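Remarks on the structure that follows.
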Amino acid sequence: MNRNEDSSSNSRGESYQLQSFEISRETYDNNKAKGTYNNKIEFLLSTLGYAVSYGNIWRFPYMLYQHGGGAFFVPYLTCLIIYVFPSFYLEVAYGQMYRKALHRYYDTINPKLLGLTFTVAAICFFTGTYFLCLISWCFAFLLNSFQDPLPWAPKVNEDGKIEVFSNRYFVGEFLDKSDSLFDIRSYNPTIMFSLVLIMAFVFFTLYRGIHSAKYVSYFVVPLPYFILGVFFIKGITLEGFSSGWAYLYKPDWSKLWTLSIWSDGAGQAIFSSGLANNTLIKFASHRKNDEPLLSSSILLPCLNFATSLFASLALFSFVGHASYTSGIPIDDMNVQGMELSFVVYPALINTLPWPNLWSILFFTMMTSLGLGTEYIYVEVCSDIFHGVCNRRKKFKGKKIVMTLIFCLIILILNLAFFASSAGYYWLKYVDRYSATINLVVFSFVQIVLFVYFLPLEDLLKRIKKFGETTPKLYVICLKYICPVFALFLSTMAVYGDITRKDKPKETIDVIVCNIIFAIPLLSFLIVFVWNPFGRYDLENKAEYRSASLLDDGEEKKESSQFGDQ
């Protein structure tokens, strides 16, 4: 086949379609420069460090608590099997097989879709911003754990009763919670110090890219498992622990027929696995082409689920003990969301001998969990902008400069707003309006683009070329079931926000929340309409070669040249 004749016969419109993911020498050199994992353990630890986070420790137990205990496993495991496994396989496969820069996946379909890359960057930026706030709260609690007695120890109220599960310290003294986003009346110096220290750690972790970050994972990832193990062993030695387990896992089958349990179960399974924001693609791009895909797509989500299960067992053994000793019914303990970590857990720790030691262990675990996730959000943002800007000569610069810029912006926003008395609202609304809803909607867009427009068949052929066959069940799920699931979640997320009762009330708060919600969408629309970065890519034909234009001999040559990265 004559490649030049074939290329000249293609229309201009066809050049906007998917052409190729065959890796050019430039891409190969870039990948070599940014480093590859030395073994499977490094990829496993890095991915777990990102995916296993606060959702496993507080959101999963709360979902069980709220949605009928064991009945919650039905929608969760259903979604895990028919959506998470194949979608995880898809994202890791694209990253591993083609090892392209993050900004190259969407504009390969059409240069105007480069804006979707900025949508991903915006979502990761906002998520990283509020995540830094959470980590700083955990680290501030860790510093306060060295006080004796602990500042959140139970106190006697005006009625002469001991308040075991009171949020008075967290909301009143620690946050000095105000009434709205811009009702800023004070700043917490401990939180501000924690923010600076944590962001400095994140920056120096990323200073040498994947080379330093993957080694940090050797410490950051195993530590929470060790501390959870200590909590679990201690929990099962406490009186009344079994009542907590019985309450948590006894199924309430009547809730299985409600829509909320299915939407929450599917959402928890999908997003606790780290799907839909290109981070898995980023990690997988540092793997060798011949690494096994199927085992990774099953092992990592299963480990994530096992972590959630283990954490809920450890937590509710303490809940059962506290209910047994205090006489407070488990229903009255308000086991939910953010307060689970900053009210319920500390209250449970106070019931143990040496509460300072247990508090230090717990908040060390929470800090390390957050760090394992934070650095990848910053890395994805800086990687995307550095990759796009480097395509334009006047914007070229070093990656570390871009990383420093994002670290400083995230830090300044946290110091200005999240460390204030209004920090509770900033965290709540940024999480809801930018990180959650936008990510849910984008998950639907991404699965459709990856399956139908890249297209999926090209990926399957390349996977087979490296000695692995994609299960037919995965192909069926990716083509038909996963898009429907993602559309269902997107609809539920939007509907849930429309019908939500705890919306911001102040006019300025509503305006800011809508701006936060619109930024990821606007970043796409601006690039789609104005297209300041996309047009130039049409000049680089090597990046857009179609697999159909390569004969067998040329394809083998490409494989041997770049397949051993």
Side-chain angles (χ1 to χ4, degrees), residues 27-39 41-51 53 95 99-103 120-121 124-136 138-139 192-223 274 277-287 364 367-391 395-415 565:
T27 307
Y28 169 72
D29 290 338
N30 289 339
N31 281 330
K32 185 177 180 181
K34 71 183 179 182
T36 5
Y37 292 112
N38 295 324
N39 51 59
I41 298 298
E42 289 179 351
F43 172 72
L44 176 67
L45 290 177
S46 296
T47 308
L48 280 178
Y50 158 68
S53 191
R99 305 184 67 193
K100 300 174 76 68
L102 288 180
H103 69 283
V120 173
C124 288
F125 172 78
F126 282 115
T127 307
T129 300
Y130 89 81
F131 236 78
L132 179 64
C133 175
L134 280 175
I135 302 169
S136 69
C138 292
F139 189 74
M192 299 180 76
F193 170 75
S194 301
L195 287 169
V196 174
L197 194 64
I198 291 164
M199 187 48 78
F201 177 82
V202 170
F203 173 74
F204 286 109
T205 298
L206 296 173
Y207 185 78
R208 295 183 60 195
I210 199 70
H211 294 287
S212 58
K214 64 186 181 183
Y215 296 128
V216 171
S217 298
Y218 279 103
F219 169 76
V220 170
V221 178
L223 181 62
N277 58 11
N278 286 12
T279 50
L280 292 176
I281 296 175
K282 170 68 179 175
F283 284 128
S285 68
H286 296 282
R287 299 182 89 194
T364 299
T367 302
S368 63
L369 278 173
L371 285 172
T373 304
E374 176 69 16
Y375 82 78
I376 190 57
Y377 286 130
V378 177
E379 172 71 2
V380 168
C381 291
S382 60
D383 199 39
I384 287 174
F385 275 86
H386 176 260
V388 172
C389 293
N390 247 22
R391 305 292 296 187
F395 292 133
K396 279 193 174 183
K398 291 185 178 180
K399 169 74 177 298
I400 193 61
V401 175
M402 193 67 70
T403 302
L404 178 61
I405 290 173
F406 274 100
C407 285
L408 288 176
I409 294 174
I410 292 174
L411 177 61
I412 291 170
L413 288 175
N414 269 272
L415 290 174
Q565 301 174 51

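Reckoned from all heavy atoms, side chains included, excluding hydrogens, waters and symmetry mates. One-based numbering along the sequence shown. As the structure is a prediction and not an experimental result, all values here were calculated from the model.
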### Query
At what distance, to the nearest 0.5 angstrom, does CD of Glu374 lie from OG1 of Thr205?
10.5 Å
### Message
Strictly distance-based, threshold 3.5 Å: is any side-chain N or O of Thr47 a donor or acceptor partner for the main-chain N or O of Leu44?
### Response
no
### Message
Could you measure the distance from the OG atom of Ser46 to the CG atom of Leu280? Nearest 0.5 Å is fine.
### Response
11.5 Å
### Task
Please name the pair of heavy atoms, one in Ala121 and one in Cys381, separated by the smallest distance, quoted to 0.1 Å.
O-SG, 3.3 Å
### Message
To the closest 0.5 Å, what do you measure between CZ (Phe406) and CG (Leu206)?
### Response
12.5 Å
### Task
Can you sort out the partners of Ile412 under side chain to side chain contact (heavy atoms under 4.5 Å, CB included), two or more places apart, ordered by chain and number?
none
Would you tabulate the side-chain donor-acceptor contacts of residues 195-204 under 3.5 Å, counting partners in other chains and residues two or more places apart, or write 'none'?
none

### Task
Measure from the side-chain N and O atoms of Asn278 to the backbone N and O of Val120, and report whether any donor-acceptor pair falls under 3.5 Å.
no
#### Entry: Close side-chain approach of Phe385 and Ile405, heavy atoms under 4.5 Å
no
### Message
Working to the nearest 0.5 angstrom, can you tell me the gap between Lys282 NZ and Ile376 CD1?
### Response
6.5 Å
### Query
When rounded to the nearest 0.5 angstrom, what is the spacing between CD1 in Ile410 and CZ in Phe131?
12.5 Å
### Query
Of Phe126, Phe125, Tyr130, which meets side-chain contact (heavy atoms from CB on, under 4.5 Å) against Leu413?
Phe125
### Task
For the pair Asn277 and Tyr50, evaluate side-chain contact (heavy atoms from CB on, under 4.5 Å) and give the outcome as yes or no after the intermediate values.
CA-CA 12 Å; Asn277 58 11; Tyr50 158 68; 2.9 Å; yes
### Where Val221 and Gly49 come nearest, the two heavy atoms and their spacing
CG2-CA, 3.5 Å
### Task
Quick one: do Thr127 and Tyr377 satisfy side-chain hydrogen bond (donor to acceptor under 3.5 Å, both in side chains)? Show the steps, please.
CA-CA 7 Å; Thr127 307; Tyr377 286 130; 5.0 Å; no
### Query
Among all residues two or more places apart in sequence or in another chain, which pass the side-chain hydrogen bond (donor to acceptor under 3.5 Å, both in side chains) test with Thr373?
Ser53
#### Entry: Donor-acceptor pair, side chain of Ser382 and main chain of Glu379, under 3.5 angstrom
yes
### Message
Rounded at 0.5 Å granularity, tell me how far CG in Leu411 sits from OG in Ser136.
### Response
10.0 Å
